[in-house]
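These notes are about the structure you will find just below.
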Amino acid sequence: MKIGVIGASGKIGQMRVQNIVENPDTTLAAVLDIEMHRTVAVANDAPAFTDLDRFLATDMDAVVISTPAHVREKLCLKAFGHGLHVLTEKPLAPTVEGARRIVEAAKKVGRVLGTGFNMRYYPSFAYVKDVVASGQIGEIDHVRVYGGHDGLGHFTHDWEYQSEFSGGGALWDVGIHMTDMTRHLLGEITSVYGVTDNKVWQVPGSEDNALAIFRNAEGIPAIYQASWIDWKGYKSAIEVYGSHGMVRGSYAPMQNLLITMDKPGGAAQKTRKFYPEIMVREKLKSWKTTAVMSFAEELADFIRLTRGETGLRCADGHAGLRAVEIAAAVPESSRTGQPVVLENLGDMTSDE
């Protein structure tokens with residue numbers, strides 16, 4: 001598959017380029033960014049462009065979009081207009097309306113839209129998904145999910161936390177990964193009730209904290225928090241409680257805990273996983289080493305999506321849209337004091 005990368009010279013774009021170059025099933029068709037000298041530097045001898053139309057005129061099958069959120073809608077729509085499949089970073093767009101237009105454009109032309117929720121591929125979170133699917137912890141009762149870090153100093157660029165560019169605050173940042181993980185585990189989220197505040201950083205439109213209860217179509221709840229005032233530093237975690245045990249996955253560091261029982265309240269069997277090789281590698285090198293491995297697995301699944309395969313970890317366009325809808329629903333619920341009801345989107349197929 002011939003794949004181009006838009007936003008190729010950024011920290012995520014460079015990792016996406018690396019994945020495409022290293023994957024034996026893909027060829028780097030072209031790269032695009034706003035500064036030619038930086039674009040050429042990451043092109044790996046592929047054609048380099050600063051002009052979108054010239055980039056899209058190159059022979060390719062798909063594009064990977066690694067740009068700030070506020071420009072993704074235009075890029076997605078242009079790519080679909082050229083008949084290309086699209087794998088884009090999250091959030092799809094900084095508004096619900098923009099995200100919906102992207103999804104509708106993909107459906108109209110019958111092309112695959114993948115959303116870059118690469119944390120689905122982090123070993124600790126993939127383990128949680130697999131345990132839940134196996135039935136080891138019995139009937140699911142509820143989920144606890146958390147994502148947080150210590151706020152504005154965590155960002156490289158101002159636009160990353162300004163709502164006009166990013167969509168909003170903690171819900172749109174670290175929280176959007178964990179919103180997706182909740183849906184990934186429970187199925188469609190159809191009800192959102194919560195509260196938000198921005199008392200600490202006071203960035204207009206960008207919440208410091210969001211606390212919410214999500215429910216899936218069967219009524220199973222998830223207790224959720226996204227925060228920009230976790231003074232301990234970055235942490236994401238998800239716990240799933242069932243009738244015969246529980247499973248927990250977290251990062252960073254990468255860890256798991258599994259508790260299983262033969263009956264409710266029975267003798268507990270505990271399994272712990274610590275992933276020392278990941279912790280050492282990240283300590284000696286960077287968190288990027290884990291991210292690039294997750295991107296590689298995601299790319300492989302995205303290719304399978306374009307071939308019509310189903311049941312994969314790769315997040316589709318509906319996953320991207322629902323995450324944006326939830327990010328908008330929590331502050332709306334906070335404003336009205338009422339839950340926000342969302343339609344059941346289910347999985348997305350390119351022939352809808």
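Computed from a prediction, not measured in an experiment: that's the story for all the values here.
- The closest side-chain donor-acceptor pair between Y161 and S166, if any, does not fall under 3.5 angstrom.
- Counting heavy-atom neighbours within 6.0 Å of Y193 OH, excluding the residue itself, gives a total of 12 or less.
- With a 6.0 Å cutoff to the six-membered ring centre and a 45° limit on the axis angle, R120 does not count as a cation-pi contact of F125.
- Counting heavy atoms from C-beta outward, L186 and V240 have side chains that stay 4.5 Å or more apart.
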_Please evaluate residues T290 and E282 with respect to the criterion side chain to side chain donor-acceptor pair (under 3.5 Å), reporting the C-alpha separation (whole Å), side-chain torsions for both, the decisive distance (0.1 Å), and the verdict._
CA-CA 7 Å; T290 301; E282 289 190 344; 2.5 Å; yes
*asked:* Pair R144, I238 - check side chain to side chain contact (heavy atoms under 4.5 Å, CB included), show working.
replied: CA-CA 6 Å; R144 296 176 185 168; I238 193 159; over 6 Å; no
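- Using modelled atom types, one finds no donor on one side chain facing an acceptor on the other under 3.5 Å when comparing E188 with N216.
- Under the 3.5 Å distance criterion, with hydrogens and angles disregarded, no donor-acceptor pair is assigned to the side chains of T336 and Q338.
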*asked:* Let's go through F155 and H149 carefully: what are the C-alpha distance in whole Å and the side-chain angles of both, what is the deciding distance for ring-ring contact (aromatic ring centres under 6.0 Å, His included) to 0.1 Å, and is it a yes or a no?
replied: CA-CA 10 Å; F155 298 104; H149 59 68; 5.4 Å; yes
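- Donor-acceptor pairing under 3.5 Å is recorded for the side chains of Y241 and E239.
- Looking only at atom types and distance, the side chain of T190 has no donor-acceptor partner in the side chain of N344 under 3.5 Å away.
- At a cut-off of 3.5 Å, with distance as the only test, no side-chain donor of Q255 or S124 sits close to an acceptor on the other residue.
- Atom CE of M279 has more than 12 neighbouring heavy atoms from other residues, nucleotides or ligands inside a 6.0 Å radius.
- Taking 4.5 Å as the limit, every side-chain heavy atom of L171 sits out of range of all side-chain heavy atoms of I176.
- Side chains of N118 and S294: a donor on one and an acceptor on the other come within 3.5 Å.
- Ring geometry, F49 versus F55: the interplanar angle exceeds 60°, so the pair is classed perpendicular (tilted spans 30 to 60°).
- Looking only at side-chain heavy atoms (C-beta outward), P94 and E164 stay at 4.5 Å or farther from each other.
- A distance of 6.0 Å or more separates the ring centres of Y251 and W287.
- Side chain to side chain, W228 and D150 fail the donor-acceptor criterion of an N or O pair below 3.5 Å.
- The neighbour count for E139 CD, taken as heavy atoms of other residues, nucleotides or ligands under 6.0 Å away, does not exceed 12.
- A donor-acceptor pair shorter than 3.5 Å cannot be found between the side chains of Q14 and Q18.
- Heavy atoms from other residues, nucleotides or ligands lying under 6.0 Å from CG of D45 number 12 at most.
- V324 is listed as a side-chain neighbour of W172, based on a closest heavy-atom distance under 4.5 Å.
- Taking the side chain as every heavy atom from C-beta outward, T310 and D347 never approach each other to under 4.5 Å.
- Relative ring orientation between F117 and H177 is described as perpendicular, the plane-to-plane angle rising above 60° on a 0-90° scale split at 30° and 60°.
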